[in-house]
Amino acid sequence: MIPVIFNIHVEPDERVIPYQKKRWLGYENLHTYFIKLRPQFEKATKKPVKFNWLFRLDPQIKEVYGSYDWALKNYSELVDESIALGDDFGVHIHSWRPHRSWFKKSWIADFSDELWIENCVKNAHQAFYDHFNFSPTYFSFGDHFMTDRLLTQLEDLGFRCDVTMHPNRPRIKRFVEKELSVGFLPGFENTPRKPFKPSYKDFTKPIKDDERGIWQIPVTVASSKTPDQDYPEKLLLGIPFDKIPKIIEDGLSLPYPYLLAEMRTDVRMDEYNCTQFELALEYLLHHPSVGDINFLGMNQFIDHLESTDYKSFDYD
């Protein structure tokens, strides 16, 4: 079996959102698209297909839309439809906070204020629980931000896994150059390209006999970077398709292969990104190994890890 995990970040269509309520047209579009596409993947793989929807539940959403769980409430019919199909739901947050420069209102990504970040996580967890009446089990922090303290908080809250880390990405100031931010995004140079339980001594990697209880499921990345890159590309569906085959094949060449692909819900709202996205899906749909592929919900994947020898991986 080759586990494939589609992590869908359910969020507004703009990355830096305006201070006004807008429909999340990307989510509406992508949900309908996957409803239609799912039977094709089930026919190709001969297995049920599950997707993973990670909802934005952070202060930026509350500031603009009035509540952390606005999308879960406003799109309850779509959520219920995904539940009926067996999909999984998780938490995705950003640490944006309001910022004003003269008369212009904007946002600043805060990676430095630990209490602010802890409250972002705590409130997202509570909003998820209040909506579903059960606790979330998996988590993603936008821009691949993570700290030792934050990972400990996730474990204390009962999360089974985090899917934030980007193997081999160095420490950087910000994810998008022209955006406002304070603090730094951590380096993951020592993070392996495989599931692991992070160490207490170094949260970015496993150390034998020093493992936490929470799993880290890194996004799939290429095994090396190209000359024009600062670090290896991740499997983000919607990027130029010519980068996708190498990332997928590098992932499938691992001793215990799996693919974790990320996508934003607005990926089909731009004509170019939509074309690249659909080419990537076609590549998977017609891959020679498609019969071995199993599109899993995140909890299914964690159950799989717990019942196999993943815990006995050789450490890098």
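In what follows, every heavy atom counts, from backbone to side chain, and hydrogens, waters and symmetry copies are set aside. Since the structure is predicted, the reported quantities are computational estimates derived from the model, not experimental observations.
- The nearest pair of heavy atoms linking F203 to P186 is CZ-CB, 4.4 Å.
- Connection of F134 to V121 is established within a shared hydrophobic cluster, with ILVMFWY side chains joined at heavy-atom distances below 4.5 Å, either directly or through further cluster members.
- Rounding to the nearest 0.5 Å gives a distance of 9.5 Å between CD1 of I172 and CD of E177.
- At most 12 non-hydrogen atoms from other residues, nucleotides or ligands lie less than 6.0 angstrom from NZ of K43.
- For the residue pair H99 / S106, no side-chain donor-acceptor distance below 3.5 Å is found, with atom types taken as modelled.
- Taking the centre and axis of the six-membered ring of F184, the NZ or CZ atom of K173 falls inside the cone set by 45° and 6.0 Å.
- Ring to ring, F159 and H125 are close: their centroids are under 6.0 angstrom apart.
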Would L57 and L72 count as a side chain to side chain contact (heavy atoms under 4.5 Å, CB included) if you check the C-alpha gap in whole Å, the side-chain angles of each, and the deciding distance to 0.1 Å? CA-CA 9 Å; L57 303 168; L72 290 170; 3.9 Å; yes
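- Rounding to the nearest 0.5 Å places CG of L115 at 11.0 Å from SG of C120.
- Aromatic ring pairs are classed by plane angle as parallel below 30°, tilted from 30° to 60° and perpendicular above 60°; the pair Y33 and F277 is tilted.
- Nearest heavy atoms, M298 versus I5: CE-CG2, 3.5 Å.
- Looking at heavy atoms from C-beta onward, E262 lies in side-chain contact with H144 at the 4.5 angstrom threshold.
- Aromatic ring centroids of Y75 and W53 lie 6.0 Å or more apart.
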Do L185 and R169 pass the side chain to side chain contact (heavy atoms under 4.5 Å, CB included) test, and can you show the C-alpha distance, the side-chain angles, and the key distance before you say yes or no? CA-CA 10 Å; L185 297 167; R169 191 187 75 175; 3.2 Å; yes
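- Here the side chains of E278 and R268 are in contact, with some heavy-atom distance below 4.5 Å.
- In summary, D148 and R212 engage in a salt bridge, as defined by a charged side-chain N under 4.0 Å from a carboxylate O.
- In this structure, E271 places its CD atom where only 12 or fewer heavy-atom neighbours from other residues, nucleotides or ligands lie under 6.0 Å away.
- Neither V290 nor L237 shares a network with the other; the hydrophobic side chains, linked directly or stepwise wherever heavy atoms of I, L, V, M, F, W or Y lie under 4.5 Å apart, form separate groups for each.
- In this structure a side-chain-to-backbone donor-acceptor pair under 3.5 Å is missing from T164 to F145.
- Using a 4.5 Å heavy-atom cutoff, the side chains of S181 and F175 are not in contact.
- Under the 4.5 Å side-chain heavy-atom criterion for ILVMFWY residues, no single connected hydrophobic cluster contains both L85 and V79.
- A salt bridge is defined here as a Lys NZ or Arg NE, NH1 or NH2 lying under 4.0 Å from an Asp or Glu carboxylate O, and E189 with R171 fails to meet this definition.
- If you take CG on N168 and CG on D230, they are separated by 13.0 Å, rounding to the nearest 0.5 Å.
- A pairwise comparison of heavy atoms in T204 and D202 identifies OG1-OD1, 2.7 Å as the closest pair.
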Evaluate side chain to side chain contact (heavy atoms under 4.5 Å, CB included) for Y68 paired with I61, printing each intermediate quantity in order. CA-CA 6 Å; Y68 294 104; I61 303 304; 5.9 Å; no
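- Here the closest non-hydrogen pair linking G297 and K50 is N-CB, 3.4 Å.
- The salt bridge (Lys or Arg N to Asp or Glu O under 4.0 Å) check on D250 picks up K246, with sequence neighbours excluded.
- F89 has its side chain within reach of F128: a pair of non-hydrogen atoms, C-beta onward, lies under 4.5 Å apart.
- Using a 4.5 Å heavy-atom cutoff, the side chains of L285 and F41 are in contact.
- Taking the side chain as every heavy atom from C-beta outward, I217 and Y258 approach each other to under 4.5 Å.
- Side-chain contact between D69 and D130 is absent, with no heavy-atom pair separated by less than 4.5 Å.
- The backbone N or O of I247 sits nowhere less than 3.5 Å from a side-chain atom of E233 that would complete a donor-acceptor pair.
- In this structure, Y231 has its ring center no closer than 6.0 Å to that of F188.
- No path of Ile, Leu, Val, Met, Phe, Trp and Tyr side chains, each step under 4.5 Å between heavy atoms, connects I35 with I8, placing them in separate hydrophobic clusters.
- Checked by atom type and distance alone, the side chain of N74 never pairs as donor or acceptor with a backbone atom of W70 at under 3.5 Å.
- Classified by interplanar angle (parallel below 30°, tilted 30° to 60°, perpendicular above 60°), the ring pair F301/H304 is parallel.
- The side-chain heavy atoms of W96 and E179, taken from C-beta on, include a pair separated by under 4.5 Å.
- In summary, D303 and R160 engage in a salt bridge, as defined by a charged side-chain N under 4.0 Å from a carboxylate O.
- Under the side chain to side chain contact (heavy atoms under 4.5 Å, CB included) rule, L259 has a single partner from L252, V219, L254, which is L252.
- Checked by atom type and distance alone, the side chain of D210 pairs as donor or acceptor with a backbone atom of Y200 at under 3.5 Å.
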Hey, mind stepping through E81 and H31 against side chain to side chain donor-acceptor pair (under 3.5 Å) and telling me if it holds? CA-CA 9 Å; E81 192 169 15; H31 175 88; 2.9 Å; yes
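- When all heavy atoms of K47 and D292 are compared, the closest pair comes out as NZ-C, 4.1 Å.
- At least one donor-acceptor pair closer than 3.5 Å links the side chain of N52 to the backbone N or O of L296.
- Considering CG of L235 and CG of L284, their distance stands at 7.5 Å, rounded to 0.5 Å.
- Counting non-hydrogen atoms of other residues, nucleotides and ligands closer than 6.0 Å to CG of D80 gives a total above 12.
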Derivation and outcome, side chain to side chain donor-acceptor pair (under 3.5 Å), residues S95 and D110: CA-CA 6 Å; S95 55; D110 192 335; over 6 Å; no
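- Taking the six-membered ring for Trp, Y27 and F55 have ring centres closer than 6.0 Å.
- Around NZ of K62, the count of heavy atoms belonging to other residues, nucleotides or ligands within 6.0 Å does not exceed 12.
- With hydrogens and angles ignored, the 3.5 Å screen pairs a side-chain donor or acceptor of Y65 with a backbone N or O of K22.
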Apply side chain to side chain contact (heavy atoms under 4.5 Å, CB included) to L279 and I244, showing your working. CA-CA 9 Å; L279 286 170; I244 293 292; over 6 Å; no
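- Between the side chain of Q276 and the backbone N or O of F241 there is at least one donor-acceptor pair closer than 3.5 Å.
- At most 12 non-hydrogen atoms from other residues, nucleotides or ligands lie less than 6.0 angstrom from CZ of R23.
- Linking Ile, Leu, Val, Met, Phe, Trp and Tyr residues whenever their side-chain heavy atoms come within less than 4.5 Å leaves V182 and W107 in two separate clusters.
- Between R15 and D143 a salt bridge is recorded (basic side-chain N to carboxylate O distance below 4.0 Å).
- Judged by distance alone, the side chain of R264 and the main-chain N or O of P12 form a donor-acceptor pair under 3.5 Å.
- The nearest pair of heavy atoms linking M146 to M165 is CG-CE, 4.2 Å.
- Here the side chain of D266 pairs no donor or acceptor atom with the backbone of M269 at under 3.5 angstrom.
- Not counting sequence neighbours, the partners of F51 by the ring-ring contact (aromatic ring centres under 6.0 Å, His included) test are F6, F34.
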